[in-house]
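Structure record follows, encoded as structure tokens.
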Number of protein chains: 2
Amino acid sequence: MRLSTKGQYGLRAMFELAVNYGEGPIPLKIIADRQFISEHYLEQLVATMRKAGLVRSTRGAQGGYALSRPPGEITVGQVIRVLEGPLAPVECAIDNEEPICDRSGYCPTRIIWIKMRDSINQVVDSITLKDMVDDFRKMHPDKSYMYEI
Amino acid sequence: MRLSTKGQYGLRAMFELAVNYGEGPIPLKIIADRQFISEHYLEQLVATMRKAGLVRSTRGAQGGYALSRPPGEITVGQVIRVLEGPLAPVECAIDNEEPICDRSGYCPTRIIWIKMRDSINQVVDSITLKDMVDDFRKMHPDKSYMYEI
DNA sequence: ATAATTCCGAGTAAATTAGTAGGCATTGAA
DNA sequence: TTCAATGCCTACTAATTTACTCGGAATTAT
């Protein structure tokens, strides 16, 4: 049960934008270079996040991307769900409505999938991009130079 | 981030074996019929579980499968991990050793993947097959007839 | 003997993943 | 006003994974 590279790369890209929040638009090329991601591929992921309202873009020279809200107001869960879809271990646990499946009567496994789902989402919804940045700066005060333009 | 049908079907099959624990071997055909799973496909999943020591088989006529331990001693996590591999959202969070990846220095996302991993495993490791059966019987005391041979 | 079963290895169609490729549109700066 | 930098868009693709199917050999109770 793995996340695809979409969620992984996307979150790393958002971390970069969070680190540089308030410093104007950052071009994708910079993010792709810093995070070792194919720029063209990242473009698609960022497009998804733009459509979902997580980032804003500025076109043309000196353009780039920026978070559309402060890092403290964007959770890891929001990012991952936008790129990966609902975080649920099976389809029938995506929402809480009673599922329609071919097995009549009570499903002995669904309650487990729902517990897994809630537990996963609780984790990612409790962490914001700001938390990630704070954590990074705490662990690597010496590496702040890495994130100047 | 979904479980494959291996984990889903496998757990449902194990539930069946748990419901009938202590009543001799149950043929795959019965399990497949009750749980609406292709018998041939289930065969492969059960083979994996047999090799992992979760079930025992009896060959020949009147043969079948049985749990190799009481339902209270087999967790959902054990079943799922045998069929799906380690429950981790990304490769570098499978174990706790420092990962070797192309990004030198501190990875700002890994701590999140590890929290997700631990949270997922905590859920599945805290539920046994016995818990599933107890829950089923509590919810459907009327349907015990479904599980007689 | 026979029927019921497990056991084993091969094959496969469809879906998903993880990108690539190429070009158009927009804009700041020289 | 030109041009380089940048975002935007659509299509294509190779490799991998998924979810099976198929056919038959081995084993055993009756």
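Order of the sequence lines sets the chain letters (A, B, ...), proteins ahead of strands, with each chain counted from 1. Predicted, not measured: the structure shown is a model, and the values here were computed from it.
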Under 4.0 Å protein heavy-atom contact, by nucleotide of nucleotides 13-21 of chain C - B base, S sugar-phosphate only = -----BBBB
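Scored by the side-chain hydrogen bond (donor to acceptor under 3.5 Å, both in side chains) test, D95(A) finds no partners at all (sequence neighbours excluded). The salt bridge (Lys or Arg N to Asp or Glu O under 4.0 Å) search around D135(B) returns none, not counting sequence neighbours. Residues passing the side-chain contact (heavy atoms from CB on, under 4.5 Å) test with Q62(B): none are found, sequence neighbours excluded. With sequence neighbours left out, the side-chain contact (heavy atoms from CB on, under 4.5 Å) criterion links I114(A) to A93(A), N96(A), R110(A), R117(A), D118(A). With sequence neighbours excluded, the residues satisfying side-chain contact (heavy atoms from CB on, under 4.5 Å) with E39(B) are L28(B), K29(B), A32(B).
Taking atom NZ on K29(B) and atom P on dC7(C), their separation rounds to 18 Å, with Å as the unit. Rounded to whole Å, atom C1' of dC8(C) lies 15 Å from atom CG of L45(B).
For the segment residues 59-67 of chain A, residues with any heavy atom less than 4.0 angstrom from an atom of DNA chain C are, sorted by number, R59(A), G60(A), A61(A), Q62(A). Within residues 50-58 of chain A, the residues that place at least one heavy atom under 4.0 Å from DNA chain D are, in residue-number order, R50(A), S57(A), T58(A).
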Atom pairs and distances, donor-acceptor, side-chain atoms in residues 42-58 of chain A, under 3.5 Å, two or more places apart:
residue: E43(A); atom: OE1; partner: H40(A); partner atom: ND1; Å: 3.2
residue: T48(A); atom: OG1; partner: Q44(A); partner atom: O; Å: 3.2

Tell me which donor-acceptor pairs under 3.5 Å the side chains of residues 71-84 of chain B have, and how far apart each pair is, sequence neighbours excluded?
residue: T75(B); atom: OG1; partner: G77(B); partner atom: N; Å: 3.4
residue: T75(B); atom: OG1; partner: Q78(B); partner atom: N; Å: 3.0
residue: Q78(B); atom: OE1; partner: R69(B); partner atom: NH2; Å: 3.1
residue: Q78(B); atom: OE1; partner: T75(B); partner atom: N; Å: 3.2
residue: R81(B); atom: NH1; partner: N121(B); partner atom: OD1; Å: 2.8
residue: R81(B); atom: NH1; partner: D125(B); partner atom: OD1; Å: 3.1
residue: R81(B); atom: NH1; partner: D125(B); partner atom: OD2; Å: 3.4
residue: R81(B); atom: NH2; partner: D125(B); partner atom: OD1; Å: 2.8
residue: E84(B); atom: OE1; partner: S4(B); partner atom: N; Å: 3.4
residue: E84(B); atom: OE2; partner: S4(B); partner atom: N; Å: 3.0
residue: E84(B); atom: OE2; partner: S4(B); partner atom: OG; Å: 2.8
residue: E84(B); atom: OE2; partner: G7(B); partner atom: N; Å: 2.8

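Of the charged side-chain nitrogens involved, at least one lies within less than 4.0 Å of a carboxylate oxygen, so that K130(A) and D134(A) count as a salt-bridged pair.
Counting only distance, with no hydrogens or angles, the side chain of T128(B) and the backbone of D131(B) share a donor-acceptor pair below 3.5 Å.
Under the 4.5 Å side-chain heavy-atom criterion for grouping Ile, Leu, Val, Met, Phe, Trp and Tyr, I94(A) is not connected to L3(B) through any hydrophobic cluster.
Across P108(B) and I111(B), no two heavy atoms sit closer than the pair O-CG2, 4.2 Å. Scanning all heavy atoms of the two residues, the minimum distance from Y41(A) to K6(A) falls at OH-CG, 3.7 Å. When all heavy atoms are compared, the tightest approach of V133(A) to A18(A) is CG2-CB, 3.6 Å.
You can see that DNA chain D meets the heavy atoms of chain B within a 4.0 Å-exclusive cut from dA19(D) to dA29(D), reading 5' to 3'.
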